[in-house]
Amino acid sequence: MSVVADLTDINQASVAAHARSIGDVVLSVQNISLSFGGVRALTNISFEVREHEILAIIGPNGAGKSSMLNVINGFYHPQEGKIIHKGVERKSMRPHEAARRGIARTFQNIALFKGMSALDNIMTGRNTMMKSNILAQALYFGPARKEEMEHRKFCEHIIDFLEIEAVRKTPVGRLPYGMQKRVELGRALAAQPDILLLDEPMAGMNVEEKEDMCRFILDVNNEFGTTMVLIEHDMGVVMDISDRVVVLDYGRKLADGTPDAVRANQEVIDAYLGVGH
Amino acid sequence: MLYREAGQFKTTYSADQQIFPILQDRIGFFVTMAVAFIAIPMFAGDYLTQTIFIPFLVLSVAAIGLNLLTGYAGQLSLGTGGFMATGAFAAYKLATSFPDLNIIFVFILAGLITALVGILFGIPSLRIKGFYLAVATLAAQFFLLWLFNKVPWFTNYSSSGVISAPPMSIFGVFVTGTEASHTAKYFFLLVLVTLLALAAKNMVRGHIGRAWMAVRDMDIAAEIIGIRPLQTKLAAFAISSFYCGIAGAAWAFIYTGSVEPLAFNIDVSFRILFMIIIGGLGSILGSFLGAGFIILLPVFLTNAPHMLGLNIPVDIISHMEVMVFGALIIFFLIVEPHGLARLWQIGKEKLRLWPFPY
C-alpha cells in the first residue's frame, strides 16, 4: 500500500516537474534607462521574469537586446531604474557578484577559454563553488582532490547531457562552432544558475544544430527548472519554445506577452515589416 | 607503437586526473627522477654540478614562478629580477637576524615576504594589461634594486653592498657557505625544486589554475562566470613572487654564495622571460626545458667551435651567443609561440599514430 502511495508521489512529482508550473517573479526589471554618451540604448524598460519560464527578448538589430542582458548580469550599469533579483534590489553590481547570485550567461560571440579543454571550461563554471585553499591545492591529495572529484562528477553529468563526451579532453579552440556553443552552454549550466541568459544561442547554426540546441534548452528548463532569458532572431524558434516574449525596438519596449499575443500586436508587425509614413 | 595510451583504461575520475595519466609518461618521470637523484650526483663532477645543474635548478624555480604569472595567468611581468633580489635580501636579513632559524624556514619566509611585495606591485594589473603592465612591473624591477643598493640596512651596512650567505646546515649537513659540498647543495636544491614543481603542477590543475587560465584567455568571460579578477590576479602575483623569491634566495645562498643587488638586474628578468618563451608558456615542463636550454646554449656555443676544430676568438663567441639568442626568440615567437613544450606535445601526438599516417 505504502509502496503504491510512494509511486504515486513520485509520479506526481515528476508530472509537476514536467509541467514546470511557472512560479513567482524571480527577476524584475523596473524603468531601466541606459545611455552611452548621447546614445540612448534603453529607455524606460520594465518587465518581469517568472520562475521556470522561458522568456525571449526579440527585436530588430540595435534594439538594445544585448544591452538588456548586459544590464541584468551587471556588465552595464544603467543610469536609471532598478533590478530586483530574488526580492533584493540591487544597485550597480559587478558581473562576478551577479554570477555568484545565480545569474549565468552565454555570449553571442562564443566566449570560451580557448586554451583549455572542454572539460576544464565546464569545470570553471563550478569555480565559485570550490573552496579548497591554495595550500590544499598545492598538496592536491586530501580535501582538494575530494572536492575536485565531486565537481568533476557533476560536470560529467552535464557533458553527458549535452552529448559532448567525445570531445571532453579536446582544447575548445579546435572544436567546430556548434560544439563550442554547446560547451559554452555547459559552462553556464555547471554554475547551476537559477537564471540563465542566452545571447543568440542559435546564431550561425544549421537546422539540425538549431534543433539540438532547442532540445537542450527545453530539457534544461524541464529537468532543472532553470529560468531562461534568451535573445533569438529565428522567429520559428522563438514562437515554439518561449513562454513569453518581450519585444524591443530602438531601446523601447513595444510588447510583452505570450507568443501568440505578440505575433498579433500591430506595433510589433510595424517594427518588423516597416510601415508607410 | 611505443607511445600510446591504447588499453590503458581509466575507471575512476581520480585516475583520469592524475598528473601523468599515460603510463609511458609516468615511466619517463620516474626515469628522470632516478637520473636526477642517483646518476647525476654519482657521475657528474663538482664542476658540472656547480656550473650547470645548480644554476639550472635555481633558474627553473624562477621560470616556474614567471610561468605561473605570465604563462598561466597571462600577466606579463618584467620584474622577475627584482622579486628574486627581494627573496635574496629577505633571506639574508632573516638568516643574519635569526641565526638559529632553519634554512627551510628562511627560504619559506623569504618567499612569503616576496609574495607580499609581489602583491603590492600586482595591484596595477587590475587596471592595465599586456604591454602597459610589463612597464609597470619594470618599475618593480628598478625600484627594488635601487632600494637594496641605497638602503644599507638591507646589506647589514656592508661597505661593498655585497651580501654573503652565512653557513647553514640541514640535518647536520652544510648546504650554504664554504664548507658545503656541491653534492649537498645539489640534493637540497633538487628536493626543493621537486616539491615546488609538484606544488605548481597541482595548483595549475586545480581550480586556482583554471581561474588563472580563464583570466588569461578571456577576462570578461571569466568575470561573468563568477571569477573575481582582482583576487585571481593578485594570487597569481603572490604565488609567482613566492617562487621567484625562493629562486633568488637559492641563487644568493646556494649557487653564488654572495651577491650584490646588480646580480639581479633587468638582464635576469629578460633571461627568465626568454626561458619561458622558448620552453613554453603555460607549461611547467616548459619551464624546465627553457631553463635547461638557456643554460646549455652558451656552454654549447663555447665548446662547439673547438669540437669542430674552428678557432674563433672568445669575443666573437660571446657576440654569437647574443645573436643566436635573439634569432631563437624570434624563431619561437613566429613558429611555435608555445615553445619546446608544445613541440614535445606535437611529437607525442605524432607518436600515438606512428607508423600510420592517421
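So that the names make sense, note that chain A is the first sequence line, chain B the second, and so on, each numbered from 1.
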*asked:* What's the separation between atom CZ in F107(A) and atom CD1 in I220(B), rounded to the nearest 0.5 Å?
replied: 7.5 Å
*CD of E223(B) to CG of N73(A): how many Å apart, nearest 0.5 Å?*
9.5 Å
*At what distance, to the nearest 0.5 angstrom, does CD1 of I227(B) lie from NE2 of H96(A)?*
11.0 Å
_If the test is side chain to side chain contact (heavy atoms under 4.5 Å, CB included), which one of K131(A), E147(A), R126(A), M123(A) qualifies with H207(B)?_
E147(A)
*Name the member of A200(B), G282(B), A222(B) that forms the most heavy-atom pairs with chain A at distances under 4.5 Å.*
A222(B)
*asked:* What I'd like to find out is whether the side chain of R228(B) reaches to under 4.5 Å of the side chain of R94(A), using heavy atoms alone.
replied: no
*What part of R205(B) is in contact with chain A, defined as an atom under 4.5 angstrom from a non-hydrogen atom: side chain, backbone, both or neither?*
both
*Is any side-chain heavy atom of I225(B) closer than 4.5 Å to a side-chain heavy atom of T124(A)?*
yes
_Among K169(A), E184(A), R101(A), residue most engaged with chain B (heavy-atom pairs, under 4.5 Å)_ = K169(A)
*At their closest point, which heavy atom of A111(A) faces which heavy atom of A221(B), and how far apart are they?*
O-CB, 3.4 Å
*M218(B) versus F113(A): any side-chain heavy-atom pair under 4.5 Å?*
yes
*asked:* If I take atom CE from residue M203(B) and atom CG from residue L139(A), how far apart are they, to the nearest 0.5 angstrom?
replied: 9.5 Å
*In terms of heavy-atom pairs under 4.5 Å, which option from A199(B), G206(B), A214(B), A211(B) contacts chain A the most?*
A214(B)
*Pick whichever of A138(A), G125(A), P193(A), A99(A) has the most heavy-atom pairs under 4.5 Å with chain B.*
A138(A)
*Heavy-atom distances under 4.5 Å only: say whether L195(B) touches chain A with side chain, backbone, both or neither.*
neither
*To the nearest 0.5 Å, tell me how far I208(B) CD1 sits from Q137(A) CD.*
6.0 Å
*Give the member of R152(A), M116(A), R187(A), K153(A) that has the highest number of heavy-atom pairs under 4.5 Å with chain B.*
R152(A)
*For K201(B), does the NZ atom have more than 12 heavy-atom neighbours from other residues, nucleotides or ligands under 6.0 Å away?*
no
*If you count heavy-atom pairs under 4.5 Å with chain B, which of D120(A), I103(A), N127(A) comes out on top?*
N127(A)
*asked:* If you count every heavy atom of other residues, nucleotides or ligands that lies below 6.0 Å from R26(B) atom CZ, does the total exceed 12?
replied: yes
*From N70(A) CG over to I224(B) CD1, what is the distance, rounded to the nearest 0.5 angstrom?*
6.5 Å
*For F29(B), look at atom CZ and say whether over 12 heavy atoms of other residues, nucleotides or ligands are found less than 6.0 Å away.*
yes
*Check whether more than 12 heavy atoms from other residues, nucleotides or ligands sit under 6.0 Å from atom CZ of F131(B), and answer yes or no.*
no
_Given heavy-atom pairs under 4.5 angstrom as the criterion, report whether the side chain, backbone, both or neither of L119(A) touches chain B._
side chain
